[in-house]
Amino acid sequence: MALVGHNGAGKTTLLRAVCGLVSVAKGTVSMSGHDLRHQSAARRARLGLGMVPDAGRGAAFGPLTVKENLRIARDLSTSGIEVSEEVVQKLFPPLFEHLANSASDLSGGERQMLAIAMSLLREPRYLLLDEPSVGLAPLLVTEAMNALRKIVDTFGIGVLLVEQNVQAALRVADRIVVLKNGQIIRDFVPTEIENVHQLWELF
């Protein structure tokens, strides 16, 4: 599911609330029968909730190499959906050309690949991504979105994608939800959307 809307609509706040990084004043947050409202962010991660922050916040340890970052992620596996390093390599082949490089030396696109790869190796049941296309060249955006689609189709991992690139979100999502001022105002399936301007008019 892709969550779209202008800056300040509440998209990232929603992700952080689901992950337990901000408190929830009302409503519910549940996953696979677990009431998460009073669970810590660490507990939610152990239950199989994976979060990939935007590139600016960074999910990798900069001084460590790509290989070391991937090893840490594997060691923190939550024993959810089994994802092997070989599978991750097929999803993000450019990343494995830089295993000896430190994460801080990677390009923005490579850092995003590493962040998603690390989250997958922790074997999540659900994956939340905060604007993974920010700062990426158009070709890399396409590659990243194709990889997300493969993740869903191959492993059945649920994905909640916050994305400013509405065109890219439309290509891969099964549902598009429009958020405005913290409220869901429309919920579409992509076949109901004739063009991207139909969504922008809602913002």
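Along the sequence shown, residues carry numbers from 1.
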Could you pull out all residues at least two apart from Arg175 that satisfy salt bridge (Lys or Arg N to Asp or Glu O under 4.0 Å)?
Asp187

For [X], which of [options] qualifies under side chain to side chain contact (heavy atoms under 4.5 Å, CB included)?
{"X": "Ile176", "options": "Val166, Leu3, Leu170", "result": "Leu170"}
{"X": "Ile116", "options": "Ile151, Leu91, Leu95", "result": "Ile151"}
{"X": "Leu129", "options": "Val159, Leu15, Leu160", "result": "Val159"}

Is any side-chain heavy atom of [X] less than 4.5 Å from a side-chain heavy atom of [Y]?
{"X": "Met113", "Y": "Glu143", "result": "yes"}
{"X": "Leu179", "Y": "Val4", "result": "no"}
{"X": "Val177", "Y": "Met1", "result": "yes"}
{"X": "Arg125", "Y": "Ile157", "result": "no"}
{"X": "Val88", "Y": "Leu121", "result": "yes"}

Separation between CG of Leu70 and CG of Leu114, rounded to the nearest 0.5 Å:
5.5 Å

Atom CG of Leu64 and atom CG of Asn69: how far apart are they, to the nearest 0.5 Å?
5.5 Å

Taking side chain to side chain donor-acceptor pair (under 3.5 Å) as the definition, give me every residue that meets it alongside [X], ordered by chain and number, with sequence neighbours left out.
{"X": "Glu110", "result": "His98, Ser107"}
{"X": "Thr142", "result": "none"}
{"X": "Asp174", "result": "Arg149"}
{"X": "Asn181", "result": "none"}

Any salt bridge (Lys or Arg N to Asp or Glu O under 4.0 Å) involving residues 32-42? Give me the pairs, sequence neighbours left out, ordered by first then second residue.
Asp35-Arg37

Could you note down all residue pairs passing salt bridge (Lys or Arg N to Asp or Glu O under 4.0 Å) where residues 89-108 supplies at least one of them, sequence neighbours left out?
none

Output, in order, the C-alpha distance, side-chain angles, deciding distance and verdict of side-chain contact (heavy atoms from CB on, under 4.5 Å) for Ile184 and Val178.
CA-CA 6 Å; Ile184 293 174; Val178 181; over 6 Å; no

Nearest non-hydrogen partners of [X] and [Y], listed with the distance:
{"X": "Pro53", "Y": "Gln112", "result": "O-OE1, 4.1 Å"}
{"X": "Phe92", "Y": "Ala147", "result": "CE2-CB, 3.7 Å"}
{"X": "Leu49", "Y": "Arg122", "result": "O-NH1, 4.5 Å"}

Set of side-chain contact (heavy atoms from CB on, under 4.5 Å) partners for [X], sequence neighbours left out:
{"X": "Gln164", "result": "Asn7, Lys11, Glu131"}
{"X": "Ser119", "result": "Val52, Leu127"}
{"X": "Gln183", "result": "none"}

Report, one line per pair, each donor and acceptor closer than 3.5 Å where one atom sits in a side chain of residues 17-32; sequence neighbours left out.
none

Under the ring-ring contact (aromatic ring centres under 6.0 Å, His included) test, residues paired with His34 that sit two or more places apart
none

Output, in order, the C-alpha distance, side-chain angles, deciding distance and verdict of side-chain contact (heavy atoms from CB on, under 4.5 Å) for Val152 and Leu148.
CA-CA 6 Å; Val152 174; Leu148 288 180; 5.8 Å; no

Hey, does the side chain of Arg44 reach the backbone of Leu36 with a donor-acceptor pair shorter than 3.5 angstrom?
yes

For side-chain contact (heavy atoms from CB on, under 4.5 Å), just list the numbers for Thr65 and Leu99, CA-CA rounded to whole Å, side-chain angles, deciding distance to a tenth of an Å, and then say yes or no.
CA-CA 6 Å; Thr65 66; Leu99 288 175; over 6 Å; no

